[in-house]
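Contents: one structure, followed by commentary.
Excluded from the calculations below are hydrogen atoms, water molecules and symmetry mates; all remaining heavy atoms, backbone and side chain alike, are included. Chain letters run A, B, ... following the sequence lines, proteins first and then strands; every chain starts at 1.
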Amino acid sequence: MNPPSLSATLPVDISRVDIDATLRRRLRAEPTALNPILMFTEIDAEFEYLLWDRPIVLDASLNWQLNPAVTERYTLAPDRMSAVLVLKDGLRWHDGAPFTAEDVAFSWARIMDDRVICRKARTGPDQLASCTADDARTVRFTFRRDLPTNRWNVDFPILPKHLYEPVMRDDPTLSASEAAVALNRAPVGNGPYRFVEWVDGQRIVLERWDDYPGETPAFRRIVFQVTPDNHAALLALETDQIDETPLTPQQFARETDGERFAAHAVKGKSSGWTTYYIGWNVREGHVYTSEEPVRQAMGFALNVPLIIERVFFGLFEPATGLFHDESSVGPTGVATTPFDLKLAAEQLDRAGWLRDPEDGWRYKEVATADGSTKRVRAGFTLNLVQGSQTSPKIADIYQQDLRKIGVELRTQVLEWSVFNERNYRGDFDAYVGAWTQGPEPDDVWNLLHSSAIADGRNYPGYANADVDETLEAGRATFDETMRRACYVRIANRVREDAPYTFVASAPNLWAFERGLHGVTFSPRGPALFFPGVRSWWRARE
Amino acid sequence: MNAGDVDMLPPRGRKRSALLLLPVLLLALVALGAPLLAWDQPIVCRHDGRLYFPALVVAGQNVPVIGGFLRRDVPFRYPDFVARSDLDATAFALWPLIRFNPDEYTDEALSPPSRAHWLGTDDRGRDVAARMLHGSTVSLRVGIFAMLLAGALGIAVGAVAGYFGGWNDGVLSRVIEATICFPALFLILAVLAWVGRGVGAVVVVIALTQWTLVARLVRAEFLRMRGADFVTAARSYGASPLWIALRHMLPGALAPATVTLVFGVADAILIEAGLSWLDFGVPAPAASWGGMLRSAYEQMRSAPHLVWPPCVAIFVSVLACHLAGVWLRGRIDPLAK
Amino acid sequence: MTTAPAKMTNNADAPLLAARDLRVTYSRRGGGTCVAVDGVTFEIARGETLGLVGESGCGKTSLGRALLGLIPVAGGNVTFDGQPIEQLRSTVLRKFRRRAQLIFQDAAASLNPRMRVGAIVADPLRVHGMARGKAARERVEATLAQVGLDVALINRYPHELSGGERQRVDIARALVLDPEFLVCDEPVSAVDACTRVALLDLLRSLQRAHQRSYLFITHDLAAASRMCDRVAVMQAGRIVELGATDRVLSNPQHPCTRQLRSAVPTF
Amino acid sequence: MARYALRRLLVAVPTLLGITLITFVLVNLAPGDPATSAAAQSDRGLTPEAHAKLRAQYGLDRPVIVRYGAWLSRVVRFDFGRSFHDGRSVRAKIAERLPPTLGLAMIALASAVVIAIAVGGHAAVHAGGWVDRFAGVACFALSSVPRYVMGMVLIVVVGVRWGLLPFMGISSTDAADMSAPERVFDLIKHGLLIGVCFVYPLAAYLTRFVRDNMAVVMASDYVRAARARGLSQGQVIVAHALPNALLPLLTVIGMLLPGVLGGAVILEVMFSWPGMGLLMYDAAMQRDYPVIMGLTVLTAAVVLLGTLIVDLLYAVIDPRVRYA
């Protein structure tokens, strides 16, 4: 359904390509810092893929792949407890200094230094026992255990040691001193583009690095224009001020069919692996949500078809679980939960939450700590993030339906920081969240394993011995069929126990300037993979 | 945040026609009787041989004090649970003007104005006209309660500062000054983070930022009256300071303070809508004009019909409060001179 | 009347009020002081009217207010019925407040514009808890009648009254507590000549009926001669001459008195 | 006068201290501190020990008062610290955001004053004329239109439907390639819509104010006397009416200053205008304590100083004012 011109690959005849063109991309917000080990948002990632070149990359299907521009080879030892990565000869940083194994070892040490606040980069590398440089081109990794995930664990961002080492002596956090901030705002990388300027609140400019050892990208310059507002972005696209922008479902469905849009731009869509869900607090103190039948009933009461129609303009797909059908685990065969209020009501009746004929709400006698019983009304508070356009709408629809079966849904809109703090402390009944599946199914460990209650993102407090064991098995086995079986089992367990109720999974919705070619989509959108933006091009006029 | 700080005060002292009060009275009537204008249940209906007043009861529950004693009408006993269809078709029923509940999802989403939906529907298929009418309840409630609170605080502080003068006045004046300079946005975030979102939090936030207007005014009035002969007279026959402050000075300060408070209601409505625009206001699904404005903003390209109702509603209610303020000022000032 | 003056009297022969070496000063902004009353000594007997004359700004008003303890005294003392007033505390002070009252020059300013006549006159009663409800209303009406006001005015606001009526309300408020001592601070200077005569007659008749003592402050010698038993002449904060009214006015000793006298038209 | 100014400045110091202390405590006690936020945004390392370590790193482990003392001692040396969010110095961040806000506010205020004197003056001189009547109604109506409602209407109609003017940000994407005059033009285009939202309430208020004040002056005895001396209408206005009407105008401007400088959060968010309001909003949402505190000090100081300057100006213009 995407226009064929969009995905037209780079022609062999290079003279047809405008190699001096500027690509103007939209930036929804400014990055926090252009330091790859401090980066943690999707915005940050956009720069990571252009300014830096890691030895290991993800392709459009999110498969593990060696970066042909950087890596000579990667060899796993027979006991699978160590590996050797050999870099190509003559690699350089943008400033001309050599890129060596020392840089890799240095970066691992920085990532593991807990004085550095890296929110994301430590996940993975922290499974390594060591990372050392054998010589200028050879990096040696040793592992704590022989795990199939180790090949992901050796993939982490790399800093130029010669620039950060002097900074580190005064400022081990790499973010609190003048020198560190200067470096983080004018980074030196090794990727196909080098940093030119950052005008705060307005734009960030990159330029093609002519000495890049890999394939030369088509665009000479890339300008990231900071445009937080979605209307402004679409308007900018239609007035030829930017070349691409992600679209909201509403924009994709209703605002991009006119002539004005067609004269300037085309739309692209692909399935994505981001899933909206409702997380339930299963801890004992939360009388209503801690009951498993109740959570199942809540699943039946969630009108997913209406939500997809009214909130997501028919563009999203019903989600069955943490694993997308197109990922390595899927399809898991887990059935989607039907929307059925009658079923939900019956389930609640069976669970002892009975309707009071006087006021219509459901109640249950619950034992309290001092031995007496207390009459509790069926209901919960749903936490939403402030500023989200979609989650209040989901909550609204949910509230209307729950009221019909006598369950009270109270919404609470919290700022991002407070929302996070509440989740982190387990101080909530339920919340609307989103989960983006990565290439490695083991990632769900962080959401489901009982150890992740204290140390991960298992905010619901979900603990199931069988799930724990299966997660462990999935993590340890190298047998792909067995791994898949493990995760399918987990998917079914999660569906039964319902610590999470899944709403819908989001596609990638994008708009591009008409003349843009070479765009392919990955589950992460058109840019955040290899080659991503590097394959985009525009014809010479 | 305070668009209302630039209020318009036409010349003082002119007598004004009571017609100026009409808009604000209408607004108050709409706010109180919103369910009589837009609701999914009849105002009066016959059901199983008896008369019921479902929408009227809902409206009654908006009235302070009385509302607490009203219980839902029997066939509609589940709050909002029973849809129109539960009423037998042949029975007598007097319906509100708009037969939609402001929170109700109809089958048409984002439909432009039509015969069924006079101002169209929003993205969830809710009737915009019904939401606009019910939004007045939130706005007026916030405006009035915020100003009552701000008035109480401002009068107390202003009276103490103005009556005692000197050291007290110095400290309290600094407090007033500090409040004016204080980053209001952060105050809002802090209060919301602690109190949680809701009408109460918004009222507290607005009162905490707006009380200084009244305090400054009352302080100035008290300072002015402190040396007045009628105060000396009261002292000469042995009236206590509290007596003098409450009985002799307060009524004099109250009149101008009331004018400020009426204008303040307009400010409060503005601030409430502004907070809702920033998504700090009264939480969904409550119909609030600021919230409607925000969602209209997000959909202005696909549904421009959503923009105007909240804009007009906010403008009209602010204008109504300003007119009432002008009237009040005209009423009160000749007396003071 | 609920309070009989005789009951409170310790010694019928002693003066009701005595000021000794009284000083009143105001501090100027930016340092320095300004002396308003500079060592004044005099006595007022029971039932006596002492006139206090002098040109504007000579300290008459300050003296009057100092006598009532309404402004702080910088030196000397005032005794009322044998008790020094600056030492009066709470309950005793309240009693004193009941026995001594002040009548103002500008009734328009001294009457609270937001209170009705009835409330204004009743307020002293309420402050002292002397009468409530119907009893208070009756007493207010009686007092209004006493000062020659139509009882129908009881529900009016001050700005709805004429100057003379306002002045009478002011007097009524002072009288409602049935005081023994009144400081009349130029009570007639703000009304027209006709009303003035009527008011002076009223004040005099009120004094005679109840044996009250007046300090009658005026710059109008004609009024003083009409009202006063004795007259004190004040200049720049000092009393320069004090004596029987006839003597002082017909045979002034001090140049200041002569000057004042020459400026007054006679009736 | 110098002594008066000095005393006023000294009185402002405890006020400023009070504001900063309260803000500091409030900011630090509000839920959602940056350390927890960072922890919650991390995949792992959410254990209490890790959290405590993070708090220590942000300097949040000491008591609030101790931190306030430390902060104050640095601020006295004009060191406002570094942003928790991106590590840049708070001074630099604010310095960057100051011109858009200040420029807009000043230009708006200046235009409003010009409009007010022109329209209000005309209305006063020709009291009862059609300009007077029209301006009266227009001012009253405009003053009831909230700024953000106006902003929204402008965006929807002028920005989106007509596509006439840009409504987001301060410059175009290709601003870097423009010549200097083009860039200025670009800036003006971007500032126009948000500028209108700033100007019209001020203009409405001040027009009314100037009109009423000048009408009083025009009807006064000394203007009549001046006319009697044979001065022309123009001379009367320039020599008498205007100076007397300007005096209260100055005070009113002083009173409006806090609103003009501090009241722009919604508009700046709405128009993505990279000014102080937007910075404050972002900083508050990110719990970027150093930036919040820096902005608090700055806005409070500007407001306090603004009122002081207006008072002093008032004294310079009106010889009757005493420094009491």
If you count heavy-atom pairs under 4.5 Å with chain B, which of [options] comes out on top?
options                                  : result
Leu111(C), Leu68(C), Ile71(C), Asp170(C) : Leu111(C)
Ala100(C), Ser110(C), Pro179(C)          : Ser110(C)
Val127(C), Asp123(C), Leu102(C)          : Asp123(C)

Could you name the residues of residues 225-248 of chain B that have a heavy atom within less than 4.5 Å of a heavy atom in chain C?
Asp229(B), Phe230(B), Thr232(B), Ala233(B), Arg235(B), Ser236(B), Tyr237(B), Gly238(B), Ala239(B), Trp243(B), Arg247(B), His248(B)
Leu172(B): what forms a side chain to side chain contact (heavy atoms under 4.5 Å, CB included) with it, not counting sequence neighbours?
Val157(B), Val160(B), Ala161(B)
